[in-house]
Each structure stands twice: as structure tokens, then as C-alpha cells.
K.L.:
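For reference, the structure I am asking about is given below.
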Number of protein chains: 2
Amino acid sequence: MTPETIKVACSNCNLRELCMPVGLQPAELRRIDDLVATRRKVKRRDTLFHNGERFTSLYAIRTGVFKTRVTSEDGRDQVTGFQMAGEIIGLDGIVNDRHTCDAVALEDAEVCVMPFERIEELSREVTALQRHVHQIMSREIVREHGVMLLLGSMRAEERLAAFLLNLVQRLHARGFSQSELVLRMTREEIGSYLGLKLETVSRTLSKFVEDGIVAVQQRHVRIADADKLRRIVNPPAC
Amino acid sequence: MTPETIKVACSNCNLRELCMPVGLQPAELRRIDDLVATRRKVKRRDTLFHNGERFTSLYAIRTGVFKTRVTSEDGRDQVTGFQMAGEIIGLDGIVNDRHTCDAVALEDAEVCVMPFERIEELSREVTALQRHVHQIMSREIVREHGVMLLLGSMRAEERLAAFLLNLVQRLHARGFSQSELVLRMTREEIGSYLGLKLETVSRTLSKFVEDGIVAVQQRHVRIADADKLRRIVNPPAC
DNA sequence: CGCCGCATTGACGTTCGTCAAGTCTAGTGG
DNA sequence: CCACTAGACTTGACGAACGTCAATGCGGCG
């Protein structure tokens, strides 16, 4: 009844076109309104969950950007993804009931906490939700295939071009510009994600600037020639 | 009634400790017996499914080893994994109702075909199956995180050492030797998976032989010093 | 206003890729 | 059963791409 409880409902969330309710009929949509137990605010640099922590819930991002990162036993770490509004994180925890990576907020953020038991319960009843949960997990698998392709076979310029195009495309789907973006992550974090050192990221960006492909001012990037960028990722067929 | 139909039942499959039925109670186990619509034999070099093909089913591997591979628009490809008995492939197809990678048999193989609609239907009723399907997908996500770490931050020796240890561990879980294995894939396929060229794979293997870590005869590998191999992957903490 | 974290740039080194030659093995057909 | 061939593998020489180390610049926050 309070404004707070009214707000915590998927059916009138402004992200419902992107997030959990995608593709659900109005009747189904109302049924999943109690999927979200609570909201949780996470401050910049704080972790939403971390490696080893007990898994209880998936999280739908409302605002802010996160990075997820895995750490090897000898301390090297690898950023496995950057997640933004409408995306779901925490899927890694399902297998062993413990999270296997850290999720760190790159800016102040807010998430919807969805207890996984409740998700499983509801998706036994709401077929469309069941299907959607499967799709979310499958999408993550396919995304990671793409990252493996990138890490396994692309050169630095190609990786960075693919990264920028991917970011701007996702931001565009959220109503932002097609050609301008603000990087919420450092060069080092970009490098970790792309399997490069921060110096290489910086140098490659500088080269893009020289070539008139992008304009860069700190973390603000304007894509001046998206076609050139696309041609770097996918050189014209032989 | 025919021997054939009797054989197609998870409840008396010799892989039930590894595959779909893991963790199910006997009563649940019987309920999922009709999960498998048919069996399908795939000859060496043939594909089980390929990029663009309509998605209908997941496949449980009974015998043989597969590779999965994605291909970029400009024709580069990347092996995304090697799968063996008891493992499930096809998860990539769920998101868009089409497969996004190829699954190729590296030797004559047989799989159980499990129509995905049937899986979804049954997992609405059998809670343990629902949980298991979620775990399989989550496990794949976590595995890929590990590959990203490998591709993003490890050197050739570390990658190959990790690869060999992973293979032998999975084979051991299937009743094979802890120290001997037969590679079902070429050096080029290993290289593609590890983000290396085949020459680098070959050279690195040769170095392992020089160092007395493994013995190699073509595709037959004997691990002579597993500890050394582990130390290559995880250098002793500083 | 000063400090600190982030970013840029240069010089140099290492690792891995490329190209090429040659070997080995398994499979095929005579 | 053996000879032949094609594909897989090994090894070497060389070069390119990226990492490392170091110096410097810049901006935002306290």
C-alpha cells in the first residue's frame, strides 16, 4: 500500500520491455509481480555478491552498471562482463549454491532481488516465465561464446572495436545515443575484459582517434565513423 | 517392448550418475524416462547440429566426443568446447530458437535426443529435474568463465596445462585413467580452443616432453608429473 | 590547493604467429 | 600385402603484436 510496495512491481516497472517480464501477457505479468522480494542499493565499488558467497537470488539491474569478475587461485582476475539496466546477474551461483564470481558496481546502482526459489516456483506455473528464464541463461551462454571468439582469435583493434560497438548498441536499446557513450569502467577493466593490458587499450583508443574513428575525452567517447569501426571487426569478405 | 525401447530409458542407463538423472530419486527417475525421444548416431566429422539450424532438442552424449565451434562473419572460427559422455549440448539454441554454433563429432558417437518442449513440460512437474536443468546451464556459464580467464590472462604453457588437467579429470570421472589419455582432437582444434596456433600447441607439448612432464606419442598422452603440470597452471602463491 | 588515481606515451623485451621445410602415420587402392 | 598419398605433426628462422617498465600529464575530490 505504501508507495514503496507499489514501486516494487514488475508490471509497472519502466524496464519491463527489457527485463524479466519481456514477452509476458498482462495476466502473466501480474502473476510475477511478487518475484521481486526487495530492492537493494549498491554503492560504487561495493559488491552485490562475491565469490564463495551463498547463492540465494538472481538480481535484475534497475540502475547503474556492474562488472563481474572471476579470480584464479594465484590471484589473476578476469572481467567476465559488464551489465546494465534490465540485465540479470547471479546465474553463476545456481550450480553449486555458491557464487563463483564477484559483481561490483561501477557506479551507484539499484537492483531487484529475486529469490531463486521463488523464480523456480513461479516458473513451474507460468510457462512463459519458465521459457524466459531458460532464454536468459542461454543468452548468457551465447554471449560468452562471442567473448571466447573475441579472446581467442581477434587482435587488439578488433577486440576494442567490437567492445565499443556492443556497448553503444546496448545503450541505444536503452534509449541512449547511438554514437556517444560514457565508459563507466577504467582502461584496466576494459583491458581485463578484452584480454589486453591497459596500455594497449589506451594506445588502441589513441589510434582510433588518429584515424578519425572516434573522439575520446577521458571516459566520454563519441563514435565518429561507425562504419569504419564495423569494418575493423568484420573485415570485408575476401 | 523391443530391446530398443527398453534401452532408451534414463533409469537403466549406465550414464545416469553423470547425465540428466543426477540427484534424482528413483520415483523421479522413472518419470523422466520418456525425456529421450530417440537416439541418434553421428559419424566422425558429421555435425549433430549446425549454426542457423532450428532448435528443437537438447542432446545428451552417450558415446563419443564432440567439439562445438562458433564462426564469425568473416569466417574465423573458435572451438568453444569439447564434450564427452554424459554432457549436454545444444543449450545455445534456446534463446533464438536457432542454434548459434556447430556441434561436430570427433569420433563416431551416439546421443540421446531430448525434445526441449518435453524437458520444459516435465520440469514443471518434477522439481528436481527443473533444478537440474538450471544447474546444467549454470555449470556451462561457469565453465565459460573459466575459459575466459584462460584466454584472457594465461600464457601458452598455462593454457595447455590447464587443458590437459581438465581433460584427464573429466575422463577420470568416467572411469578412465588419471594419467593417460587419448586426444580425440587435432593440434589445430586444441589451438583454436586455447586461442593458440597449432604450431604453438605442438611446441609447447614438446617442451612438456623435454621437461619430463608428459610423454606424447601422437594423440596418446601420458601425464608423468601431474604436480608439475598443476604448478604451471597455478604458480605457487607469492 | 594539493593529492591520488587514472590515463597517455615512449623505449624496449617477450611471446607467440607466420612461413617454410620436412617427417610421420593412417587410410586407400592396386 | 604393400605402395602411395593426404592429412597431421614437428621443428626452425624470423617478424609482428602486445606486454613491461618508466616517466609524465591530467582531472576530480577532499
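Quick note on labels: first sequence line is chain A, next is B, and so on, each numbered from 1. Keep in mind that what you see is a predicted model, and the values were worked out from it rather than measured.
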K.L.:
What's the NZ-C1' distance between B:K197 and D:dA17, to the nearest Å?
P.N.:
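Result: 13 Å.
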K.L.:
Specify the residue among A:G195 and A:Q218 whose closest nucleotide of DNA chain D lies further upstream toward the 5′ end.
P.N.:
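Per heavy-atom nearest nucleotide, the more 5' residue is A:G195.
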K.L.:
Take the protein atom CD1 of A:I232 and the nucleotide atom C1' of D:dA17, then report the distance between them rounded to whole Å.
P.N.:
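After rounding, the reported distance stands at 16 Å.
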K.L.:
With a 3.5 Å cut-off and just heavy-atom distances, do the side chain of A:E199 and the base of D:dC18 make a donor-acceptor pair?
P.N.:
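No pair found.
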K.L.:
Looking at B:R219, I'd like to know whether one of its side-chain N or O atoms comes within less than 4.0 Å of OP1 or OP2 on C:dT25.
P.N.:
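Negative; the distance criterion is not met.
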K.L.:
Please state how far atom NE2 in A:H220 lies from atom P in C:dC6, giving the value in whole angstrom units.
P.N.:
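Going from A:H220 (NE2) to C:dC6 (P), I get 20 Å.
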K.L.:
Can you measure A:R44 atom CZ to C:dG5 atom C1' for me and round it to whole angstrom units?
P.N.:
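Rounding to the nearest Å, CZ of A:R44 and C1' of C:dG5 are 10 Å apart.
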K.L.:
So what does A:L198 touch, heavy atoms closer than 4.0 Å: a base, only the sugar-phosphate, or nothing?
P.N.:
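The answer is base, as A:L198 lies within the cut-off (heavy atoms under 4.0 Å) of a base atom.
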K.L.:
With distance as the sole test, does B:E158 use its side chain to make a donor-acceptor pair with the main-chain N or O of B:R155 at under 3.5 Å?
P.N.:
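It does hold such a pair.
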K.L.:
It should be established whether A:S202 places a side-chain nitrogen or oxygen under 4.0 Å from OP1 or OP2 of nucleotide C:dT9.
P.N.:
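For C:dT9, OP1/OP2 do not have a side-chain N/O of A:S202 under 4.0 Å.
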K.L.:
Please report, rounded to the nearest Å, how far the C1' atom of D:dA17 is from the CG atom of A:L160.
P.N.:
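The distance from CG of A:L160 to C1' of D:dA17 comes to 15 Å, rounded to the nearest Å.
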K.L.:
Using OP1 and OP2 only, check whether a side-chain N or O of B:T200 sits under 4.0 Å from C:dT15.
P.N.:
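No.
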K.L.:
Could you state the atom-to-atom distance from CZ of B:R155 to P of C:dG13 in whole Å?
P.N.:
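These atoms are roughly 18 Å apart.
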K.L.:
Within less than 4.0 Å of OP1 or OP2 of C:dC6, is there a side-chain N or O belonging to A:R187?
P.N.:
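For C:dC6, OP1/OP2 do not have a side-chain N/O of A:R187 under 4.0 Å.
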K.L.:
Is the CD atom of A:E180 crowded by more than 12 outside heavy atoms at less than 6.0 Å?
P.N.:
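Above 12, so yes.
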K.L.:
Does D:dT11 have OP1 or OP2 under 4.0 Å away from a side-chain N or O of B:R203?
P.N.:
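Answer is no, no contact under 4.0 Å.
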K.L.:
Is it true that B:H145 and A:E144 share a donor-acceptor pair across their side chains at a distance under 3.5 Å?
P.N.:
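On atom types as modelled, these side chains qualify, holding a pair under 3.5 Å.
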K.L.:
Round to the nearest Å and state the distance from A:E157 atom CD to D:dA16 atom P.
P.N.:
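My rounded result for the distance is 15 Å.
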K.L.:
Check whether any side-chain N or O of B:T204 sits under 3.5 Å from a backbone N or O of B:T200 as a donor-acceptor pair, and report yes or no.
P.N.:
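Yes.
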K.L.:
Ignoring hydrogens and geometry beyond distance, is a side-chain donor-acceptor pair present between A:N234 and A:R230 at under 3.5 Å?
P.N.:
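Their side chains do not contain a donor-acceptor pair, so the 3.5 Å distance test is not met.
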K.L.:
Round to the nearest Å and state the distance from A:E210 atom CD to C:dT8 atom P.
P.N.:
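Going from A:E210 (CD) to C:dT8 (P), I get 13 Å.
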